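Following: one structure in structure tokens, then a few remarks.
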2 protein chains.
Amino acid sequence: MTIGELAAKTGVSVRSLRYYERQGLIVPLRRANGYREYSPLAVETVETIKLYLNLGLTTEEIAGFLHCVLKNKEAFCAEVMPLYKSKLAQIERQIQELSQLGENLRQRMQAIQQEQGEIPQQREVPEQRIESE
Amino acid sequence: MTIGELAAKTGVSVRSLRYYERQGLIVPLRRANGYREYSPLAVETVETIKLYLNLGLTTEEIAGFLHCVLKNKEAFCAEVMPLYKSKLAQIERQIQELSQLGENLRQRMQAIQQEQGEIPQQREVPEQRIESE
DNA sequence: ATAAACCCTGACACCAGTGTCAGGGTCAAG
DNA sequence: CTTGACCCTGACACTGGTGTCAGGGTTTAT
């Protein structure tokens, strides 16, 4: 199977397949002419990679346990749980930060609306101040 | 005031001040020797930039209304509200996506723990499958 | 034999802000 | 006059996955 055929079967671009290879996720054989030769199992491998990418893992993280989960059930791969835990913690940190940002934005928006309510006549904006004055 | 002095007063690195200048946020005068010369007002300007960066705005977005808010109250700058609204919507989208990711992770973690509970004997991992086999 | 469709590698671009280095000028205190 | 501290510009790196192009080789069907 050539890279183009694998791309068609999995919906992953040729570009991305070559990137996964560089990341050590899927390393095909080579034909005499230099073309990549993928085994039929490669389809399942790529689908697995897609699954973990959709879980928010990076290719580098996936590289750490992909070989294991291709041969075993996820539960047998000791690398997986700690990774999921730290990834989940990281996601929750990000949500926390974004929530704080959103709260700040809401407060500012509310403050603006109050000011506009207090001074309904919309004053026109004067000329801008330039730092180099 | 030189760029180093402004950096010391604001806690913003020299590198970042030059970046803000390239983004059009703060444009100082130049001395005869080419050194940047900042007015005392530059401190306030940089503090304002910091405030908006902390709100999650980009330098490009800040550039669109910075001149206005330096001269007026925020409420008088028509550019601000729509920007806040779209930024807030964007943040909420990101939170939504992260929450979905986290939910998926939690479900996988739970599934793993159930499997481990059902099959307590920890089988050792066999040799890895290599794609190029 | 030629054209179309495929393959190869290497490289730049994107996003955003910052660190850091190279290579060179300036200024102030000793 | 020399030294150290400061300033200048330009450039690369980082993050992470993908698009895209250049420049070139291969294969397949006509």
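Remember, predicted model here, so these are calculated numbers, not experimental data. All chains are named by letter (A, B, ...) in the order of the sequence lines, taking the proteins before the strands, and each is independently numbered beginning at 1.
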Query raised in the report: Starting at CZ of R15(A) and ending at P of dA13(C), how long is that distance when rounded to a whole Å?
Result: 14 Å
Query raised in the report: Is the shortest distance from a Lys or Arg side-chain nitrogen in R30(A) or E37(A) to a carboxylate oxygen in the other one below 4.0 Å?
Result: no
Report summary line: R22(B) CZ to dG17(C) C1', in whole Å, measures 14 Å
Requested in this report: Please check if any side-chain donor atom of Y84(A) sits under 3.5 Å from a side-chain acceptor atom of E74(A), or the reverse.
Outcome: yes
Query raised in the report: Closer to the 5' end of DNA chain D via nearest nucleotide, is it E21(B) or T59(A)?
Result: E21(B)
Query raised in the report: Within a reach of under 6.0 Å around NZ of K9(A), are more than 12 heavy atoms found that belong to other residues, nucleotides or ligands?
Result: no
**Report entry** Y19(B) side-chain N/O to dG17(C) phosphate OP1/OP2 under 4.0 Å
**Finding:** yes
Requested in this report: State whether T58(B) places a side-chain N or O below 4.0 Å from either non-bridging phosphate oxygen (OP1 or OP2) of dC15(C).
Outcome: no
Query raised in the report: How is R31(B) classified with respect to the nucleic acid when contacts are heavy atoms under 4.0 Å: base, sugar-phosphate, or nothing?
Result: nothing
Requested in this report: Supply the atom-to-atom distance H67(B) NE2 to I26(B) CD1, rounded to the nearest 0.5 angstrom.
Outcome: 10.0 Å
Query raised in the report: Between the side chains of T45(B) and T48(B), does any donor sit under 3.5 Å from an acceptor?
Result: no
Report summary line: Of N33(B) and I62(B), the one whose closest nucleotide on DNA chain C sits nearer the 5' end is I62(B)
Report task. Produce a footprint string for nucleotides 1-7 of chain C: one letter per nucleotide, 5' end first; B if the base is under 4.0 Å from any protein heavy atom, S if only the sugar-phosphate is, - if neither. Result -> -----BS
Query raised in the report: At their closest point, which heavy atom of G56(A) faces which heavy atom of L101(B), and how far apart are they?
Result: N-CD2, 3.9 Å
Report summary line: Bounded by its outermost nucleotides with an atom under 4.0 Å from a heavy atom of chain A, the footprint on DNA chain D reads dG16(D) to dT27(D)
**Report entry** Euclidean distance, Q96(A) CD relative to I91(A) CD1, rounded to 0.5 Å
**Finding:** 14.0 Å
Requested in this report: Report yes or no: does R31(B) contribute a side-chain atom to a donor-acceptor pair with the main-chain N or O of Y35(B) at less than 3.5 Å?
Outcome: no
